[in-house]
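What follows is one structure encoded as structure tokens, with my remarks underneath.
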Amino acid sequence: MRRRRWACALIVLAVPLLLALLGPLFAGEPGPRGASFTTGGGHGAGTDFVGRDVWRQVLLGGRPVVLAALAATALAYAVALPLGLCGALTHRRWLDELLTRPLDVLLAVPSLLLVLLVAAVVRPGAAGIALLVALVNIPDAARAVRAAAAEAAARPVVEALRMQGESWARTALGCVGRAALRTLAADAGVRLTGVLYLVATASFLGVGAAPDAADWAVMVDRNRTGMFVQPWAVALPALLIVALTMGTNLLFDAALAGRTPRPAPGRERPPAPEPPPADATYPAPGPNEKDEP
Amino acid sequence: MTGLRPWLLRRLLLGAGQTVAVVLLVFALTEALPGDAAVALAGDQPDPARIAALRETMHLDRPAAERLVDWAAGLAHGDLGSSLVSGRPVSSYLADGFGPTLLLATLTLLLLVPLAGGLGVLAARHEGRLVDRLISAVTLGVYAVPEFALGVLLVTVVALRLEWLPPTAVGHGDDLTAHPAVLVLPVLVLLSRPVCSLARLVRAGMIDALAAPHIAHARRYGIPGARLRYAHALPNALAPAAQQLARTVDWLLCGVIVVEALFVIPGLGTVLMNAVAERDVPVLQGLAVVFAVTGVVLNLAADTVIYRCTPRAGVAA
Amino acid sequence: MTVHTAHEIARIRDLRVEVDGRALVDGVSLRLAPGRITALIGASGSGKTTTGRALLHAYPPGATVTGEVSVPDTPVGYVPQHPATALNPARPVAALLQDIARPQVRHLPRRARRPALRHRVLDALARAQLPDGETLLKRYPHQLSGGQQQRVVLAQALLAGATVIVADEPTTGQDALTKREITGRLAAVARQGIAVLLLSHDLDVVRALADEVHVLHAGRLVESGPPELLRHAPQHPRTRALLTSADPTAAAAPPAPSSALPAPSSALPAPDAVLRVRGLTARHGSSRVLHVPELRLVPGCLAVVGRSGSGKTTLGRCLAGLHRTHDGQLRLDGAALPRSLRDRTRAQLAAVQYVFQDAHASFDTHRTILDQVARSAVRLRHRPRAEATADAVRTLRSLGLTGDLPHRTLAELSGGELQRAALARALLARPRVLICDEITSGLDPVTRRGLLTLLEGLLRADPDLCLVLITHDRDTAALATTLAVLDAGRLVEHGPAARLRTAPRHPLTAGLLQVPGPAPQPSPVGPDPQHQ
Amino acid sequence: TGTAPSGDAAGGRPRRGGTLRAAFAGGGAEETLDPHRANLFADVARAKALFDKLADFGADLSARPRLATSWEPNAGLDRWTVRLRKAVFHHGKPVTARDVLYSYRRIADPRQAFRAKASLAPLDLTASRAVDERTVEFVLKHPTAEFPNLLAAFGAYIVPDGTKDFTAPVGSGPFRFVSFTPGRSAVFRRHEDYWDGPPHLERLEFLVANEESARLNALLGGQVEYAHELTPTTARTHEGKGQIEIVRLRNSTMQSFAMKTDRPPFDDRRVREAFFLLADRRELVAGALSGAGEIGNDLFGKGYQYYADGLPQRRPDPDRARHLLKKAGAEGLRVTLDTSAVAAGFTEAAAIFRDQAAKAGVRVKVAMGSKDSYWQDTLDSGTLCCYRSGAMPLESHFSQRLLSTSTTNATHWRHKDFDALYQQAQSTRNTEDRAAVYARMQRRLYTEGGFLVWGFADWIVGTARTVRGVDRRAPANTLDWARFDRVWLT
Ligand SMILES: Nc1ncnc2c1ncn2[C@@H]1O[C@H](COP(=O)(O)OP(=O)(O)OP(=O)(O)O)[C@@H](O)[C@H]1O
Ligand SMILES: Nc1ncnc2c1ncn2[C@@H]1O[C@H](COP(=O)(O)OP(=O)(O)OP(=O)(O)O)[C@@H](O)[C@H]1O
Ligand SMILES: [Mg+2]
Ligand SMILES: [Mg+2]
């Protein structure tokens with residue numbers, strides 16, 4: 001069962017990852033441009049909005065997406081995690097306020113607007129835009145972390161760790177963060193997708209990746225006008241993005257699946273070596289009956 | 001935390017400060033943007049003399065700080081100033097945009113909360129089994145599809161092929177409530193992604209919550225399944241979801257630009273995008289006030305939920 | 001054995017619970033009959049809880065279970081060893097109680113339901129010895145004292161109308177007076193035809209209640225019979241050990257408090273106080289729960305006794321810096337001690353250590369116990385890892401946690417084992433002031449004796465050590481040279497143990513220290529309404 | 001539902017009545033009914049329905065009389081007498097010379113910044129006067145042979161004397177005002193006393209839908225009958241499918257790259273010529289315009305009056321380009337091409353040109369700019385940028401963009417001799433002679449100008465199948481574009 005889930009998640013994830021990783025090796029030289037949004041004509045998957053071969057763009061377009069999205073998400077979390085945990089763990093209200101209120105200011109400005117404004121002012125490159133998108137995500141992620149960790153941070157274990165003079169990092173990451181892991185994984189997985197499209201939208205608005213860049217997210221965005229003439233130009237990269245985010249999240253799910261104690265099926269009741277007793281009047285525990293640890 | 005009320009009061013006070021900060025931030029960023037309202041208005045006729053004249057008529061030749069102070073002084077009397085370009089009061093812009101946005105946001109929320117909660121709980125109940133994997137796969141799949149693609153798809157299939165619903169709200173912008181049919185597709189599109197993200201979070205929290213010994217304990221005493229899940233387990237999983245919900249409301253209010261554009265609903269998102277394009281600073285500042293206030297209120301609400309759901313937080317050493 | 005098989009309501013036959021090839025319980029058979037109290041006793045870690053939970057069809061994760069368990073269709077009441085685990089931290093106490101009672105009022109007209117519901121809930125609380133239920137209902141679990149939590153869980157079982165109740169150490173967190181009342185309640189419950197499985201260390205309770213006693217040793221039933229039989233003619237050496245060490249006559253010779261230990265303060269001019277508390281007023285929110293004008297902790301052993309909910313834990317937590325909302329002054333060796341442990345230096349942290357009443361909640365679920373225990377030495381005494389681990393292993397072994405036990409995680413240890421691990425964790429910091437909150441509550445008499453001997457040894461080895469024992473247990477309190485009695489948040493009496501024992505000034509002191517044993521008769525609380 | 005192209009006058013007998021809903025991209029709450037402030041296509045279309053100009057441009061961008069019936073110059077071409085036709089405003093008062101002068105003076109008000117102000121700059125409005133009720137004598141600051149262009153200028157609408165408030169505007173156009181909500185809708189109804197014959201339509205509704213797909217969907221879903229500005233891809237999808245009619249207004253937008261001729265590397269005419277040869281215009285039109293357009297020949301105004309169509313069509317010649325660059329010492333040249341999402345096809349064209357230039361060893365770096373300030377940003381900075389222009393007479397193109405005094409001279413083309421040629425054309429009364437002068441000017445631009453005009457984009461409009469009378473030739477911005485008084489519904 002577990003193995004099947006792993007396999008399923010890995011297969012879904014492998015397609016976009018392999019394409020992203022190895023695609024550029026097989027992309028080859030650009031052929032001549034065709035007319036925009038045509039199907040056939042030597043282009044297996046048709047042409048895109050500027051008449052390039054869609055398949056070649058797909059091969060080339062994975063790396064930046066995967067890199068930008070992963071980097072921005074990771075970066076956002078690298079900052080948000082300590083911030084959020086700090087907010088959850090401190091009892092100094094002023095510190096909590098000091099950490100969260102300024103971030104709330106960023107939060108009150110719609111992220112797209114913020115990216116748009118800041119990017120128009122500082123004109124960052126591709127790395128800069130990842131940084132910017134990460135920055136925009138920090139307040140949100142920090143709040144998510146804080147919310148997810150709030151309960152765990154108030155547990156007596158944490159008091160006990162403090163009593164032991166345990167270091168902040170170990171308390172925060174090792175104990176509190178770990179307790180909130182599932183929620184954080186869900187949040188991060190979802191955030192990955194959000195980040196991805198924010199990067200794409202930013203590029204359309206003229207910042208970060210070139211607007212005709214080989215980049216799955218940018219492709220989805222830019223080829224939308226031709227969605228009905230040449231669906232592949234949107235569908236292929238979109239499907240790959242779906243696979244990427246779905247695979248990542250399913251992998252998280254599979255990895256975290258075994259963490260809550262749940263009885264293995266068939267073990268909830270004594271697997272009677274003798275025939276089931278006639279007087280077993282207790283109803284079979286429902287499928288959700290969970291054992292206490 | 002000593003009592004909810006003083007805390008709320010303090011936060012509201014801080015909120016006022018935050019609003020000021022947001023306004024300053026937006027003002028600074030718009031000022032730093034290349035070009036100003038005059039340049040934007042001049043468009044592809046950037047005749048320098050005309051731009052200078054436009055600047056003068058818009059009072060853009062005065063220092064930024066002075067304009068800000070003027071605007072702030074007006075704000076103190078409840079006057080949000082007036083648009084640089086059209087000269088109409090900013091409050092009328094906001095009032096015009098707020099109605100449709102609020103309507104959409106409310107409808108979406110009304111559906112979003114039960115739907116996302118239900119899906120998340122359902123998935124968590126069946127963690128690892130077919131139902132869960134189905135829900136997870138579908139929500140993740142839908143989440144990875146951008147709004148415009150989903151919107152165009154829905155319009156094509158539901159409105160143009162099947163002709164069940166009108167494709168856009170064009171022409172009904174003033175009175176959406178009179179034509180509820182035009183709202184169906186926008187609300188569907190608006191729902192699509194938040195439902196997914198929220199359901200994921202609820203699911204994650206619920207798996208842990210359902211596995212807690214106190215839930216097994218309650219189940220033992222014959223608490224009905226639904227009540228057990230929603231009244232007993234869910235509060236333990238609620239904090240992150242409430243946080244996410246606050247963000248969603250914020251996102252809904254601050255203009256779901258794509259949906260508004262796709263379905264021609266003249267809401268705040270449209271006002272926002274136009275104001276940015278036109279560098280209409282007073283309108284932007286008015287919007288910033290609206291966003292900041294909703295942001296403060298929503299964050300406060302989310303924090304209150306966290307506060308309620310983690311009652312120990314205040315007393316733990 | 002005179003069990004009426006015809007009337008048995010629940011049964012365990014040949015139960016074997018195996019984890020990783022190790023049997024936690026092996027070949028256990030039990031029959032529970034309506035109206036009878038079956039006690040299961042045995043050393044800490046002998047498999048009582050595992051057996052008891054089998055009646056709930058709850059087994060350790062990954063366990064292989066063989067045998068047969070049959071229970072009736074009605075809910076099986078359960079009072080777990082760690083009551084906090086059964087309480088939802090995010091909901092007030094009332095939430096579950098009302099939901100349990102709701103089906104019982106469904107037949108009433110809609111308008112009458114609410115008051116009826118309320119009445120039933122309050123009644124159940126009262127029957128569980130929580131007479132002031134009104135105020136408790138709105139509270140969250142963490143706002144209850146350990147004993148109150150336990151009684152709330154008991155109230156749930158009573159309210160649910162269970163025909164079988166598994167009570168895992170139902171009296172551990174209770175003071176002698178409450179304990180007597182709870183025992184009475186259990187007896188009353190049984191008389192209504194409910195089968196009770198009592199898992200307990202407390203032989204007083206067992207003796208007073210049980211119709212039948214089973215002795216577990218290392219997962220196997222070694223002896224069964226009526227309590228008198230066991231007492232007068234125990235067959236198995238284990239039973240003997242359990243029973244003799246807990247015999248009141250044996251306990252009457254307390255562990256020689258005056259011989260080796262420093263003399264009580266009355267004998268000598270008061271030695272310098274290690275920790276001084278002045279003007280301590282602790283609050284939970286706006287309600288004052290503790291007021292101690294002056295308390296000096298001198299080297300030696302101080303026992304803090306008081307009824308459940310009187311503020312003992314709060315006092316301990318104030319000293320340890322875990323409870324911030326108080327306005328007392330703490331001075332450690334004359335120097336001011338910060339109120340919150342976050343502001344304390346590592347030396348100060350090491351100096352004042354607290355062993356949590358709820359040992360279960362004070363451990364991390366993911367790391368091994370050994371790892372967690374050893375961290376004390378690493379962090380507070382700057383020992384290298386290896387040395388700290390060796391130290392931890394040694395300390396754990398001295399507390400009876402041998403073999404692979406230290407290498408397990410929280411979920412794989414029994415309640416008593418956890419309590420000892422928590423003590424080990426504090427000991428590894430080499431504290432000056434060691435506050436132990438009910439550390440013997442989950443221990444069988446043998447283990448408890450061992451533990452007390454160990455503490456005694458500590459006191460002797462380190463004449464500067466200041467041991468604060470928060471306890472309901474008279475045996476444990478016997479170790480003390482000084483006693484402090486708390487009542488409803490006030491320090492009502494404080495003085496040399498010998499004097500308080502012989503000439504108590506406050507009636508409560510007498511009540512707590514001199515109760516002859518649980519009353520064999522039920523307390524005068526009326527019969528359960530739901531069984532009328 | 002006939003098979004004949006619906007736009008032709010031959011589409012059947014016009015039918016009276018009905019409401020036409022037209023979807024335009026709008027400007028949100030900033031929209032206005034003040035015709036002098038008109039800035040967007042939607043504004044212009046509305047202004048055109050409510051108001052009239054004295055003249056307007058035909059499909060070849062020559063001025064056609066509207067409210068004016070005739071214009072006569074004096075010998076020096078600096079004094080023009082304009083006769084007005086008999087026309088009435090919606091409130092019943094006649095259109096008079098006073099109204100004309102008031103309107104023009106309002107536009108030229110130095111304290112205001114109306115768009116047509118620059119176009120009317122040659123007029124001396126204090127000296128100009130009303131000769132009688134329906135005769136105006138315009139005095140000009142210098143000879144202006146193309147005076148009629150001025151009357152047809154963008155936004156030079158005639159409003160009743162003294163009008164300041166345009167919340168419920170009164171004009172002389174084919175439709176009367178009913179209601180208006182900025183950014184959402186405008187409703188007009190037929191003006192029965194319209195001088196050009198009352199419109200066929202009973203009502204006209206302008207609806208705002210900024211997103212192209214929204215306009216298209218509204219059209220497909222029957223929510224509007226006219227959708228302005230569709231993309232070429234949409235046109236391809238729906239052309240000839242029978243669901244809707246696609247109207248391609250040819251030669252509507254000039255698409256080009258503008259080189260700054262006064263700064264390196266483009267101050268060397270060999271480099272400019274090399275760039276002319278680098279561009280593969282067919283590929284650009286196919287890629288950037290999705291084929292919806294025609295290739296350009298580095299000159300503005302294909303199909304317009306005076307356009308020099310005799311010059312040979314430029315073809316890509318990378319080898320010669322390379323050679324030229326080598327001669328100019330600009331091998332391995334690197335330039336930055338400014339672009340922005342400000343207009344359709346810009347970013348695409350930039351990317352395509354980058355790849356084309358790379359074939360000749362020129363490395364073009366594409367820089368995306370802010371779309372809101374793009375035109376101003378590229379006016380004086382940078383060296384190479386994407387550029388486009390709507391339809392206007394050749395003369396206006398020269399005067400606005402290619403004279404030393406031009407205010408929007410994006411190529412920094414400043415040459416005394418060229419200015420002189422322009423003056424000469426303006427003082428030439430005879431049309432043929434003037435055409436000859438324009439031809440000389442264009443030849444000069446063809447060989448060494450700064451505009452690399454690679455194409456002319458179609459302007460694409462979609463209409464429901466019930467709509468008749470939509471003109472299919474008029475480039476956007478000309479008289480017959482968005483002219484709803486000639487449209488009827490079957
Ligand atoms: N999940 C588990 N995996 C492995 N061993 C376990 C697990 N749970 C309990 N044990 C071990 O099984 C033994 C019996 O545990 P149990 O909790 O039944 O003891 P107990 O008699 O209730 O002890 P106590 O009086 O201390 O509560 C203990 O030694 C304990 O360490
Ligand atoms: N967070 C809280 N808010 C309000 N009241 C509280 C809170 N925590 C504890 N109390 C109350 O304070 C009193 C003292 O609690 P404390 O835990 O110190 O009792 P205790 O003496 O240790 O009892 P036990 O023997 O049952 O453990 C109790 O009546 C309890 O209900
Ligand atoms: Mg136990
Ligand atoms: Mg206590």
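Note on naming: letters A, B, ... go to the chains in the order of the sequence lines (proteins, then strands), and numbering restarts at 1 for each one.
Looking at P156(A), both its backbone and its side chain come within 4.5 Å of chain B, counting heavy atoms on both sides. Only the side chain of D132(B) comes within contact range of chain A, with heavy atoms under 4.5 Å apart. With a 4.5 Å cut-off on non-hydrogen atoms, T156(B) touches chain A through its side chain but not through its backbone. When heavy atoms are compared at a cutoff of 4.5 Å, V234(A) does not approach chain B at all. Residue contact with chain A, scored on non-hydrogen atoms closer than 4.5 Å, involves the side chain of I306(B) exclusively.
Once rounded to the nearest 0.5 Å, the distance linking CD of E151(A) with CG of N236(B) reads 6.5 Å. The CG atom of L106(A) sits 6.5 Å away from atom CG of L25(B), with the distance rounded to the nearest 0.5 Å.
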> D140(A) and Q243(B): side-chain contact (heavy atoms from CB on, under 4.5 Å), yes or no, with the steps?
Replying inline: CA-CA 9 Å; D140(A) 201 2; Q243(B) 197 61 60; 5.8 Å; no

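The shortest non-hydrogen separation linking A204(B) to A186(A) is CB-CB, 3.8 Å. What you find for S136(B) and L250(A) is that their closest heavy atoms are CB-CD2, 4.2 Å. The two residues T245(A) and A144(B) have their closest heavy-atom pair at OG1-CB, 3.4 Å.
Scored by the side chain to side chain contact (heavy atoms under 4.5 Å, CB included) test, A238(A) finds V220(A) as partners (sequence neighbours excluded). Take L150(B) and apply the side chain to side chain contact (heavy atoms under 4.5 Å, CB included) test, not counting sequence neighbours, and it matches V145(B), L154(B), S192(B). Listed by chain and residue number, H217(B) satisfy the ring-ring contact (aromatic ring centres under 6.0 Å, His included) test with Y221(B) (two or more places apart in sequence, or in another chain).
A salt bridge is absent between R146(A) and D303(B); no separation between the charged side-chain nitrogens and carboxylate oxygens falls under 4.0 Å. For R203(B) and D253(A), the salt-bridge test passes: some basic side-chain N is under 4.0 Å from an acidic carboxylate O.
Contacts between residues 17-24 of chain B and chain A, counted as heavy-atom pairs separated by less than 4.5 Å, involve Q18(B), A21(B), V22(B).
The greatest number of non-hydrogen atom pairs below 4.5 Å with chain B, out of L107(A), V242(A), V12(A), is found for L107(A). For chain B, the option among G189(A), A149(A), A180(A), A150(A) with the highest count of heavy-atom pairs below 4.5 Å is A150(A). Each of R193(B), R200(B), R10(B) has some count of heavy-atom pairs under 4.5 Å with chain A, and the biggest count is that of R200(B). The choice from V26(B), V276(B), T30(B), V152(B) that makes the most heavy-atom pairs within less than 4.5 Å of chain A is V152(B).
Using a 4.5 Å heavy-atom cutoff, the side chains of L140(B) and T193(A) are not in contact. A 4.5 Å side-chain heavy-atom check between L201(B) and T183(A) finds at least one atom pair inside the cut-off. Annotation: side chain of N299(B) is in contact with side chain of R143(A) (closest heavy-atom distance under 4.5 Å). Put simply, the side chain of R101(A) reaches to within 4.5 Å of the side chain of R11(B), judged on heavy atoms. You'll find the side chain of Y143(B) reaches within 4.5 Å of the side chain of V190(A), heavy atoms only.
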